[in-house]
Amino acid sequence: MSNWESFTYSPKKIIKSKVLKPHSLLLITLLIFSFSYIPFSAPRSKVVVSVNPSEKLGVFSRLLYGVNHRYHLNGVGCWDGRRNAPRDTVWMCALETGITFFRFPGGTVGTTYHWTDGVGPPARREKSVSGFDGRPLNNTYGFDEHMYFVESLNASTSVVVNFGSGTPEEAAAWVAYANGDPDDNRVIGRDILGRDWMTVGYWARLREENQQRMCVPPHPYNIIYWELGNEIFGSWEFSWTHSVEKYAFGGVETHLNEPVVKARNWMETSSISDGTPNQIFYVRYPPIVEGSLKLSVDGREWLPVENLSPYGPEDKVFTINWTTGEIRFGDNRNGAIPPNGSAIRVSYGCHHQGFVDFYQKMKMVDENIKVGSCFGSVKFIRLMGEEHPYDFLVIHSYHKVHASDPRKGYAESLVAPLILRESIETLREALERFAGDRADDVEIVVSEYNFNPQEGSSEHFGHSLTRAIYVGCMLKMFIEENVSAANLHCFTTPGIRGRWGSAILSPVPNVMRLPASYTLELFSRYLEPILISVNAENIPQVDVEYNGRDHSTSYSVSLFEVLGSRNEEGDIISLLLINKDIENAMDCELRIDGIEGEWMGATYTLTADNVSSFNSIEVLEKPREQSLYLNNMRLLPFPVDFIIGSLDVEVDPTRMYAVSIEEEYLGEVGGLIQLSLPPHSITVLRLSKESAPQPLRRICRVEFYWDGELKYVDTEESYMWSLDFTEFGIHTLKILVIANCSKISIERTLLIVNWKR
């Protein structure tokens, strides 16, 4: 691929070029840079903020408080397949977080997702193919389960459509299923793979049947945002093409020496013959350009034939269906069997339709939906020009944090909004240049964003306070840049550590809110929708130097951020205040116009001891694992948990919310307010006229079980239960900790010898 348009970095500013690289703004925001150390602190100072609530700057989207969510592994733990209902703890945490927007069926994992596999009775659903590695995946958390979960939270969803191996008709049928009218008899049509996709009403009626099965009143889902593919430009994605031209307009693509696959299994191992008769394989991306396919078995070419019956046991032949891509081998009577363990590979040409065809078919079903391009690039904008419509452009931003030192990593993470802002501005400039009258109507959606910690950094750094403050700075930039929707990656994963760990919740069965979830709560619960004018003076700055491969770029990073909002009536004002200084508190003087009469104030602050602070499920302080205790004292490590005499079981639930929101009531306030903002913190100052501030709910409960029987419940600090009764032998201690909406369970097997005197 050549002639990709983007921009290059240069110290202090962006230099535009005619032929620019890399090929998409996703790769720009991956930021292959190293970072030089700065203290990311300045002498304690006082900033002055003037607020004019009467000057409205616009309304910002509630869809910014979104998450990327995936269908596999029961919605990565959000769905209880036995009850066929949301998992209570996950649902409660999502509700408390205030998530407004979920992306389905996910990014890479959903690239190969065919939506019809995920509807209907779960026991009869086909498996899907993982976009990660091609393995078969269960569909217990399908589209209707997802919508049940999302709608129960009063949230919205966006859909990632299968472009890589799907068709426009399949996508249009999904729109019909989601939004269609059962009485709509418009024909969707037959696709290039030969499947008849019936009528709009057919799929709408099927939706209503499935909703009734789930005891849900029949209704359309009215989904607005539809992304066409996920990162199709990337070689890591399963797709018939990675070319922006063919993505836009369709065409023929050549695939060389590609493994064959099974119908529901695209792993490399599925291309290996098992030596049985009449084996069936497929190419990944039918339909095949007729006559173009060449097939080899362990490197030796076999020949395609119309029919196997005329051929003998030694003939190395197979049949091919050019439309469906089905490949059939013989049985050693009519055609040879590929030897057991042999690798089967194919080279072929395939032809598919492009964005313009998907857009037309999907809009035919529902003209009110918005169809967006996963190529958020200048070249896509130029190719589409003024003639071909699209509704939004997608950017994915994974900011690389190179430093393993947490202070340096913190500083690196907070450069991300500045660089992504440049990417957004570049897209908008390209729209003005190439899209004509459509330019102002094209939206920007950041459907995946996060930072990637450096290998070797602390295992907890990726879900520390640093990530929470990074998310706050990104959200503020999204609001200022009029981004339409955003999805933090990700809602839940099987693990919270490493590069792709969870941002919102720890994995089931122990469900705990992570620091970034409290950032979303601050924004979704305490900011009002109307942006108002603010002006800040005396903001300390720090120069940050990025050292690239060939050059470095300097950024001036503000250590203080402010954003103002209010409701439509004007009787609630919210100010977002971010102190990014890693060491010092920041004094802030707020001068607010029009504050007359009785106004009540409260602050809601997200911070912790340091930027490496994190929330942990490791809350059992005593007894420690593999230790010998004598009369409540730990003597030494031991192969098993051995207790002699009495023992106080001690729990510290505060570790579960070491990073969380703290509130402070200010009482009655006027137009001049003085605040001291803690270091590395996000604060929302909320002013309401003649009404009490919104209180935070604080619940902490610890239940102690002995051999399955509830023995004691503690709701007061400190959380402790005494094993002071006569007991001998091996017993089970279980502790259930409920802190706010998080819930974890700890179970230990103890060898105990205790006699009560």
Inset, instruction - Without swapping roles, check the side chain of Thr157 against the backbone of Phe102 for a donor-acceptor pair under 3.5 Å. - result: yes
Legend entry - Pairwise distance CG(Leu563) to CG(Leu577) - rounded to 0.5 angstrom: 9.5 Å
Inset, instruction - Run through Trp79, Tyr113, Tyr141 and flag the one making a ring pair (Phe, Tyr, Trp, His ring centres under 6.0 Å) with Tyr71. - result: Tyr113
Inset, instruction - I would like to know whether Leu520 and Val67 meet side-chain contact (heavy atoms from CB on, under 4.5 Å); could you show each step before the answer? - result: CA-CA 10 Å; Leu520 291 188; Val67 292; 4.2 Å; yes
Legend entry - Euclidean distance, Leu723 CG relative to Lys711 NZ, rounded to 0.5 Å: 10.0 Å
Inset, instruction - Using a strict cut-off of less than 4.0 Å between a Lys/Arg side-chain nitrogen and an Asp/Glu carboxylate oxygen, indicate whether Glu412 and Lys400 qualify as a salt bridge. - result: no
Inset, instruction - State, yes or no, whether a side-chain contact exists between Pro507 and Leu505 at a heavy-atom distance under 4.5 Å. - result: no
Inset, instruction - Run the salt-bridge test on Glu618 and Arg655 with the 4.0 Å N-O cut-off and return the result as yes or no. - result: no
Legend entry - side-chain contact (heavy atoms from CB on, under 4.5 Å) assessment of Tyr398 paired with His489: CA-CA 9 Å; Tyr398 287 101; His489 184 82; 3.3 Å; yes
Inset, instruction - Would you indicate whether the side-chain heavy atoms of Ile746 and Val619 approach each other to under 4.5 Å? - result: yes
Legend entry - Under 3.5 Å: donor-acceptor pair, side chain of Asn74, backbone of Val76: no
Inset, instruction - Step through the shown structure and confirm whether more than 12 heavy atoms of other residues, nucleotides or ligands are within 6.0 Å of CD on Gln674. - result: yes
Inset, instruction - For residues Asn631 and Ile644, determine if any side-chain heavy atom of one lies less than 4.5 Å from a side-chain heavy atom of the other. - result: no
Inset, instruction - Validate the cation-pi geometry between Arg686 and Tyr604: distance from NZ or CZ to the six-membered ring centre under 6.0 Å, angle to the ring axis within 45°. - result: no
Inset, instruction - Run the salt-bridge test on Arg264 and Asp117 with the 4.0 Å N-O cut-off and return the result as yes or no. - result: yes
Legend entry - Trp755 and Glu727: side chain donor to acceptor below 3.5 Å: no
Legend entry - Sidechain-backbone polar pair: Ser646 side chain, Asp724 backbone, donor-acceptor under 3.5 Å: no
Inset, instruction - Would you confirm whether Ser502, through its side chain, and Thr493, through its main-chain N or O, come within 3.5 Å as a donor-acceptor pair? - result: yes
Inset, instruction - Could you tell me whether Arg407 and Asp405 have a side-chain N and a carboxylate O separated by less than 4.0 Å? - result: no
Legend entry - Ala403 versus Gly409, closest heavy-atom pair with distance: CB-N, 3.7 Å
Legend entry - Atom CD of Glu625: over 12 foreign heavy atoms under 6.0 Å: no
Legend entry - Ser574 side chain to Tyr526 backbone, donor-acceptor under 3.5 Å: yes
Inset, instruction - Can you measure from CG (Leu153) to OG1 (Thr100) and round to the nearest 0.5 angstrom? - result: 10.5 Å
Legend entry - Heavy atoms of other groups near Lys743 NZ, more than 12 under 6.0 Å: no
Inset, instruction - Establish, from distance only, whether the side-chain atoms of Arg103 and Asn487 form a donor-acceptor pair under 3.5 Å. - result: no
Inset, instruction - Report the distance from atom NE2 of His731 to atom CG of Leu751, rounding to the nearest 0.5 Å. - result: 9.0 Å
Legend entry - Partners passing side-chain hydrogen bond (donor to acceptor under 3.5 Å, both in side chains) against Ser458 (at least two apart in sequence or in another chain): none
Inset, instruction - Would you confirm whether Glu145, through its side chain, and Gly142, through its main-chain N or O, come within 3.5 Å as a donor-acceptor pair? - result: yes
Inset, instruction - Hey, can you tell me if Trp721 and Phe725 have their rings parallel, tilted or perpendicular (30° and 60° cut-offs)? - result: tilted
Inset, instruction - Working to the nearest 0.5 Å, report the span between SG of Cys700 and CD of Glu717. - result: 7.5 Å
Inset, instruction - Count the heavy atoms of every other residue, nucleotide or ligand shown that sit under 6.0 Å from OH of Tyr719, and state whether that count exceeds 12. - result: yes
Inset, instruction - Side-chain contact test, heavy atoms from C-beta onward, threshold under 4.5 Å: evaluate it for Leu687 versus Met600 and give yes or no. - result: no
Inset, instruction - Verify, without hydrogens or angle tests, whether Ser128 (side chain) and Leu137 (backbone) share a donor-acceptor contact under 3.5 angstrom. - result: no
Legend entry - Side-chain donor or acceptor of Ser464 paired with backbone N/O of Val611 under 3.5 Å: yes
Legend entry - Check: Met720 main-chain N/O paired with Asp714 side-chain donor or acceptor under 3.5 Å: yes
Legend entry - Short N-O contact, Asp587 and Arg44, less than 4.0 angstrom: yes
Inset, instruction - Compute whether any side-chain donor of one residue and acceptor of the other, for Trp91 and Ser152, lie under 3.5 angstrom apart. - result: yes
Legend entry - Salt bridge flag under 4.0 Å for residues Glu747 and Lys734: no
Legend entry - Face-on cation placement of Arg513 at Tyr657 ring, 6.0 Å and 45° thresholds: no
Inset, instruction - Look up atom CG in Leu64 and atom NZ in Lys476, then write down how far apart they are to the nearest 0.5 Å. - result: 13.5 Å
Inset, instruction - Count the heavy atoms belonging to other residues, nucleotides or ligands that lie under 6.0 Å from CZ of Arg624, then report whether that count exceeds 12. - result: no
Legend entry - side-chain contact (heavy atoms from CB on, under 4.5 Å) assessment of Cys490 paired with Arg70: CA-CA 9 Å; Cys490 60; Arg70 286 86 62 80; 3.8 Å; yes
Inset, instruction - Please lay out, stage by stage, how Glu663 and Thr603 fare under the test side-chain contact (heavy atoms from CB on, under 4.5 Å). - result: CA-CA 6 Å; Glu663 65 186 349; Thr603 59; over 6 Å; no
Inset, instruction - Identify the two heavy atoms, one from Leu465 and one from Ala608, that lie closest to each other, and give their separation to 0.1 Å. - result: CD2-N, 3.8 Å
Inset, instruction - Using distance alone, with no hydrogens and no angle criterion, decide if Ser627 and Arg634 have a side-chain donor and acceptor under 3.5 Å apart. - result: yes
Legend entry - Ser524 side chain reached by Ile99 side chain, heavy atoms, under 4.5 Å: no
Legend entry - Any donor-acceptor N/O pair, Asn615 side chain to Ala658 backbone, under 3.5 Å: yes
Legend entry - His396 and Tyr449: side chain donor to acceptor below 3.5 Å: no
Legend entry - Nearest heavy atoms of Asp648 and Ser722, plus distance in Å: OD1-OG, 2.7 Å
Legend entry - Nearest heavy-atom neighbours spanning Val511 and Cys93: CG1-SG, 3.8 Å
Inset, instruction - Return the set of residues passing side-chain hydrogen bond (donor to acceptor under 3.5 Å, both in side chains) with Asn138 (not counting sequence neighbours), or none when no residue passes. - result: Lys127
Inset, instruction - Tell me whether the centres of the aromatic rings in Phe614 and His460 are closer together than 6.0 Å. - result: yes
Legend entry - Between His69 and Phe491, ring centroids under 6.0 Å: yes
Legend entry - Tyr705 versus Glu703, closest heavy-atom pair with distance: OH-OE1, 2.6 Å
Legend entry - Lys/Arg N to Asp/Glu carboxylate O, Arg83 vs Asp88, below 4.0 Å: yes
Inset, instruction - Kindly indicate, with the supporting measurements, whether the criterion salt bridge (charged side-chain N to carboxylate O under 4.0 Å, His left out) is fulfilled by Arg748 and Asp641. - result: CA-CA 8 Å; Arg748 298 278 289 277; Asp641 295 344; 3.0 Å; yes
Inset, instruction - Could you tell me whether the side chains of Asn579 and Ser681 share a donor-acceptor contact shorter than 3.5 Å? - result: no
